[in-house]
Amino acid sequence: MRTRDEAVKSGPLHPVARLPQEWLDALKARGERAFSAKQVFSWIQRHGVMDPTAMTNLPVRLREALAEEGLGPVGEVAHVHRSADGTRKLVVRLKDEATIETVLLPSVSGPGSAASEDADAAVADDEDDEVSTDKREPRVRVTQCISTQVGCAMGCVFCASGVAGWKRHLGPEEIVGQVLIGRTLLDEGEELRNVVFMGMGEPLHNYDATARALRLLTHPEGIGLSTRKVTVSTSGLVPEIERLGKDFEGKIALAISLHAADDASRSALMPINKKYPLAELMAALRGYPLPPRRRITIEYTLVSGKNDDPTEAQRLVKLLRGLPVKINLIPMNPIEVSPLGPPQWGRVLAFQKVLTDAGYTCFIRRRRGDDVSAACGQLVLLGAKPKVKGFRKGDAPDKASEPPPRHS
Ligand code: SAH
Ligand code: SF4
């Protein structure tokens, strides 16, 4: 149920963000049948219908009452940018005209497919510990990346959202609304399988809305995603990591944007490290109540000259020792507002080698949707555009894991 904190901070709860029990309470108070509560929740969360006039199995007077109390679409799709690799970036215009972005990342799955090759596209790579018994035709499995804020207050120097600054939190209806809208735009044969909180914003800075969105996304009568298929990525807000662990018993997949293994380098890249330095962050990770056989994803954006030295990789090996992790290395996607960029490809491979030699599972994350600015850190605000700049001369991108950037 809604906590006092939640009510004080965010004002009235939008009907799209109501959980089944809240629908039951709200409709009972109006003298409606309990069954109508189930129907409304299902229209919204299962069928993605937010307009009550389209809820045809409800009595007309109830449809009118719901419209009056504000049930309706939370935003509209302003643009769909389709990348050559199948990635789609949806620009969603919210009620107050603010725009946010959400990305659909398809990857082919099913018997005999090469799903695992694509697994590093997001953190959907927990497939590596899942044995598929699905005998149906190969489906196109989609990971959706969603935003939690307009802008971001954390100020990471390599990130377009961070450089642009914080505008406002998203409400839970706007967070879950991205998935409701996204599902209506899936292509034939596509299936939403994973949701990653890796778009614009810091999910744990907007904890209450994020937590409610998690409950909605994983509710069996709604979208019904399994908790292990939903990943929250954070720059390291220690108290909220602890809270997330408690509130969801460690079942929500956790990704940590680490990006450095010593405090000086990390603080230079991510100001949040001054508030929650590595020792505190690592203690929170060690205390996260991970279920058996699950791992925390460590995201490490490689920034040339800042955190890409092999000695930093050795420090990382020590820092992570004993923690069940998988590591995603992400060569920095250049952004126009910063002179920073990715290392030479050889340095990326050398960094990876230190980690794999030490026994860690370590992917180099492919850039998806690069030609539509949908890659990480390119979910932009204020006209901050990704730089038209690729790997430097002499680099030799390995096609399987890092295609050279394409820009149209
Ligand atoms: N705020 C959260 C989630 C959104 S950012 C977080 O920081 O974890 C999602 C991921 O994209 C983070 O790991 C972030 O560090 C990474 N990222 C941001 N800008 C990037 C860039 N320019 N190149 C590569 N990765 C970037
Ligand atoms: Fe915010 Fe994440 Fe970007 Fe840092 S990387 S500024 S926390 S969105």
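The structure presented is a predicted model; accordingly, all values stated were derived computationally and were not measured. Both backbone and side-chain heavy atoms feed into the values below; hydrogens, waters and symmetry mates do not. Whatever order the structure lists ligands and atoms in, that order sets their numbers, starting from 1.
- At a 4.0 Å heavy-atom cut-off, ligand 1 touches T234 through the backbone alone.
- Looking at V157, I146, V196, T301 and measuring to atom 24 (C) of ligand 1, the nearest heavy atom belongs to T301.
- Ligand 1 is never approached by M270 to a heavy-atom distance shorter than 4.0 Å.
- The atoms of ligand 1 that sit less than 4.0 Å from any heavy atom of H259 are 13 (O), 14 (C), 15 (O).
- Remark: R18 engages E69 in a salt bridge, criterion side-chain N to carboxylate O under 4.0 Å.
- For ligand 1, one of its N or O atoms has an N or O atom of G201 under 3.5 Å away.
- Close approach of ligand 1 to E299 (heavy-atom distance below 4.0 Å) involves ligand atoms 10 (C), 12 (C), 13 (O).
- The pair E22-R212 counts as a salt bridge, with a side-chain nitrogen and a carboxylate oxygen less than 4.0 angstrom apart.
- The distance from ligand 1 to the heavy atoms of F158 drops below 4.0 Å at these ligand atoms: 15 (O), 17 (N), 18 (C), 19 (N), 20 (C), 21 (C), 22 (N).
- Of all atoms in ligand 1, numbered sequentially from 1 with element shown, those under 4.0 Å from a heavy atom of F197 are 3 (C).
- Here is the list of ligand 1 atoms found below 4.0 Å of a heavy atom in M332: 22 (N), 23 (N), 24 (C).
- Using modelled atom types and a 3.5 Å distance limit, the side chains of E240 and T234 yield no donor-acceptor pair.
- With a cut-off of 2.8 Å, atom 3 (Fe) of ligand 2 has no N, O or S atom of C156 in range.
- With respect to E299 and R365, a salt bridge is recorded, a charged nitrogen being found less than 4.0 Å from a carboxylate O.
- Using a cut-off of 4.0 Å between Lys/Arg side-chain N and Asp/Glu carboxylate O, D208 and R243 are scored as salt-bridged.
- The protein non-hydrogen atom at the shortest distance from atom 3 (Fe) of ligand 2 is C159 SG, 2.4 Å.
- Between D96 and K167 there is no salt bridge, since no side-chain nitrogen of the basic residue lies less than 4.0 Å from a carboxylate oxygen of the acidic one.
- For ligand 1, the atoms sitting less than 4.0 Å from at least one non-hydrogen atom of I330 are 24 (C), 25 (N), numbered in the order shown with element in parentheses.
- By the criterion of a heavy-atom distance under 4.0 Å, both the backbone and the side chain of N333 are placed next to ligand 1.
- Close approach of ligand 1 to C159 is summarised as follows: ligand atoms under 4.0 Å from at least one heavy atom of the residue are 18 (C), 19 (N).
- Per-residue contacts place M154 under 4.0 angstrom from the following atoms of ligand 2 (heavy atoms of the residue considered): 1 (Fe), 7 (S).
- Atoms of ligand 1 found under 4.0 Å from any heavy atom of G199, numbered from 1 in the order shown, are 4 (C).
- Not a single heavy atom of P342 lies less than 4.0 angstrom from ligand 1.
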Verdict with supporting geometry, K95 and E173, salt bridge (Lys or Arg N to Asp or Glu O under 4.0 Å)
CA-CA 12 Å; K95 289 283 177 206; E173 71 284 0; over 6 Å; no
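- Proximity of a side-chain donor or acceptor of Q45 to a complementary backbone N or O of V16 within less than 3.5 Å is detected.
- The closest approach between a heavy atom of G201 and any atom of ligand 2 is below 4.0 Å.
- Proximity to G162 (heavy-atom distance under 4.0 Å) selects the following atoms of ligand 2: 6 (S).
- Look at D309 and R347 and you find a salt bridge, because one of the NZ, NE, NH1 or NH2 atoms lies within 4.0 Å of a carboxylate O, short of that distance.
- In this structure, a donor-acceptor pair under 3.5 Å is absent between the side chains of E202 and T148.
- Of the charged side-chain nitrogens involved, at least one lies within less than 4.0 Å of a carboxylate oxygen, so that R93 and E76 count as a salt-bridged pair.
- Here is the list of ligand 2 atoms found below 4.0 Å of a heavy atom in C152: 1 (Fe), 6 (S), 7 (S), 8 (S).
- Close approach of ligand 2 to S235 is summarised as follows: ligand atoms under 4.0 Å from at least one heavy atom of the residue are 7 (S).
- Seen from the ring of F248, R215 counts as a face-on cation partner, given the 6.0 Å and 45° thresholds.
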